[in-house]
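Below is one structure, written out as structure tokens; the observations come after it.
Remember, it's a predicted structure, so these values are computed and weren't measured experimentally. Below, each value reflects all heavy atoms present in this structure, side chains not excepted, and no hydrogens, waters or symmetry copies.
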Amino acid sequence: MKKFALASYALYLLGGLVITAVGSVLPQLLTHYHVSYTVGGQLVLLGSLEFLIGVPLSSFLLGRFKEMNLLTIAALMIALSQIGMLLLPPFEWIIAFNFLNGIGVAALEVVVATLMMEVFIGRRAIVMSYLEVSFGLGALLMPLVASLLISQNSWRFSFFITSVLALLMVVVCKMIPFKKETVLTSESDASDANSEPAPVLAKNQRWKILALFSVMIFMYAGVESSMNNFLSSIFIAYLDVIPSQATLSISVFWVAMLIGRVATG
């Protein structure tokens with residue numbers, strides 16, 4: 001289980017890298033294709049819709065295919081999309097590859113989170129916190145790498161790095177055996193904290209809480225996505241910051257996010 005846990009953290013790290021890859025080089029991408037920020041906004045919007053499609057789709061497939069096979073497919077989808085964007089094809093293909101990328105990231109996160117919660121029953125809060133920290137670390141590192149590449153006028157090779165890591169995770173997912181039947185009892189019986197079981201809520205209360213959390217997640221995801229994709233553009237357009245430094249604003253944002261996630265853990 002230790003190997004599987006490490007692979008899961010690595011997969012979430014990849015997810016963090018990929019989720020900020022486009023935003024880190026969005027000004028350069030739009031300049032290359034001679035399109036406006038309006039088109040860039042549409043690209044980001046489609047990326048969010050792809051994620052919304054990927055979550056229920058991966059949940060549906062999770063009960064019909066082996067978990068590691070789904071993770072392999074998700075990592076392969078990310079690798080193909082990143083390679084496609086690296087080649088800078090016509091902009092219509094960038095939209096298609098971004099669509100593929102969004103579904104791959106959604107599937108990766110859903111499958112990994114589901115398995116970790118099933119395997120580490122008594123330590124769900126801890127392992128989920130570790131996953132979020134891994135994701136935040138990836139989101140923090142990508143703008144740093146992109147900044148260096150932008151300064152060398154090699155910004156598109158940001159996609160090369162993520163594609164190589166995604167291909168590596170394809171190999172890892174195929175090599176690591178995973179069977180829920182082999183999970184050690186000690187893993188399942190360990191407790192998060194000596195807390196009492198949550199009280200049973202009435203049906204109408206459950207729906208109210210679900211609605212509240214849905215609104216909170218909707219707002220949070222919107223803010224995070226906007227920061228990931230437009231923060232560097234705002235610094236360039238309104239503060240006259242050079243591109244290689246502007247993309248570091250995303251890293252600063254994720255430094256704060258990472259501190260919060262580590263503190264929560």
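- Remark: the backbone N or O of G54 is paired with a side-chain donor or acceptor of S58 at under 3.5 angstrom.
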Would you sort out whether L88 and L29 count as a side chain to side chain contact (heavy atoms under 4.5 Å, CB included), showing the intermediate values?
CA-CA 9 Å; L88 296 178; L29 190 67; 4.1 Å; yes
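- F218 belongs to no hydrophobic cluster, as no Ile, Leu, Val, Met, Phe, Trp or Tyr side chain comes under 4.5 Å of its own.
- Side-chain contact between V164 and L168: absent, with no pair of heavy atoms (C-beta onward) separated by less than 4.5 Å.
- For the atom pair OG (S134) and CG (L13), the distance works out to 6.5 Å, reported to the nearest 0.5 Å.
- Of the possible donor and acceptor atoms, none in the side chain of T162 sits under 3.5 Å from a partner among the backbone N and O of V18.
- Hydrophobic clustering places L70 together with F60 (ILVMFWY residues linked when any side-chain heavy atoms are closer than 4.5 Å, directly or through intermediates).
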Go through R206 and L210 one step at a time and tell me if the side chain to side chain contact (heavy atoms under 4.5 Å, CB included) criterion holds.
CA-CA 6 Å; R206 291 200 297 269; L210 178 61; over 6 Å; no
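- Both I161 and W254 are part of a single hydrophobic cluster, where members link through side-chain heavy atoms under 4.5 Å apart.
- With a 4.5 Å cut-off on side-chain heavy atoms, F253 and N228 count as touching.
- At a threshold of 4.5 Å between non-hydrogen side-chain atoms, the residues P27 and P243 do not count as touching.
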Could you go through the side chain to side chain contact (heavy atoms under 4.5 Å, CB included) check for N69 and K174 one step at a time?
CA-CA 8 Å; N69 288 342; K174 295 301 292 182; 3.7 Å; yes
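- Separating the CG atom in L14 from the CD atom in Q82 is a distance of 8.0 Å, to the nearest 0.5 Å.
- Counting non-hydrogen atoms of other residues, nucleotides and ligands closer than 6.0 Å to OH of Y9 gives a total above 12.
- Note: the hydrophobic cluster containing W155 does not contain I242 (ILVMFWY, side chain heavy atoms under 4.5 Å, direct or indirect links).
- Counting heavy atoms from C-beta outward, L141 and L17 have side chains that approach closer than 4.5 Å.
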Mind listing the side-chain donor-acceptor pairs of residues 220-227 below 3.5 Å, one per line with the distance, residues two or more places apart or on another chain?
| unit_1 | atom_1 | unit_2 | atom_2 | d |
| --- | --- | --- | --- | --- |
| Y220 | OH | E224 | OE1 | 2.2 |
| Y220 | OH | R261 | NH2 | 2.7 |
| S226 | OG | G222 | O | 2.9 |

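- Applying the ring pair (Phe, Tyr, Trp, His ring centres under 6.0 Å) test to pairs two or more places apart or on separate chains, those with a residue in residues 10-33 are Y33-F91.
- Rounded to the nearest 0.5 Å, atoms OG (S158) and CD1 (I150) are 6.5 Å apart.
- Counting all heavy atoms, side chain and backbone alike, T20 lies closest to P143 at OG1-CD, 4.0 Å.
- The CG atom of L108 sits 13.5 Å away from atom CD1 of I103, with the distance rounded to the nearest 0.5 Å.
- Remark: S147 OG to Q152 CD distance equals 10.0 Å, nearest 0.5 Å.
- A cation-pi arrangement, defined by a distance under 6.0 Å to the six-membered ring centre and an angle within 45 degrees of its axis, is absent between R156 and F160.
- With a 4.5 Å cut-off on side-chain heavy atoms, V112 and M116 count as touching.
- The shortest side-chain heavy-atom distance between L149 and V145 falls under the 4.5 Å cut-off.
- Closest of all the heavy-atom pairs between A146 and V25 is CB-CG1, 4.1 Å.
- To the nearest 0.5 Å, the span separating CG on L115 from CG on L11 amounts to 10.5 Å.
- Residue T247 comes nearest to S232 through the heavy atom pair CA-CB, 3.7 Å, listed as atom of the first residue, atom of the second, then distance.
- There is a path of hydrophobic side-chain contacts, each under 4.5 Å, that joins L49 to I19.
- Below 30°, between 30° and 60°, or above 60°: for F97 and W93 the angle between ring planes is between 30° and 60°, a tilted geometry.
- Of the possible polar contacts, one joining the N98 side chain to the L43 backbone as a donor-acceptor pair under 3.5 Å is found.
- A single hydrophobic cluster is seen to contain both F157 and M85, as judged by linkage of ILVMFWY side chains at heavy-atom distances under 4.5 Å, directly or through other members.
- Residue N153 places its CG atom among 12 or fewer non-hydrogen atoms of other residues, nucleotides or ligands, all under 6.0 Å distant.
- Looking at every heavy atom in both residues, A246 comes nearest to I236 through CB-CG1, 3.4 Å.
- Between V44 and F230, the closest side-chain pair of non-hydrogen atoms falls below 4.5 Å.
- Contact record, T72 with C173: OG1-CB, 3.3 Å, taken as the closest heavy-atom pair.
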Should L212 and K208 be marked as a side chain to side chain contact (heavy atoms under 4.5 Å, CB included) after you check the CA-CA gap, both sets of side-chain angles, and the distance that decides it?
CA-CA 6 Å; L212 175 62; K208 288 179 182 178; over 6 Å; no
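- Taking 4.5 Å as the limit, some side-chain heavy atom of F4 sits within range of a side-chain heavy atom of M68.
- Residues A113 and L131 share a closest heavy-atom pair of CA-CD1, 4.4 Å.
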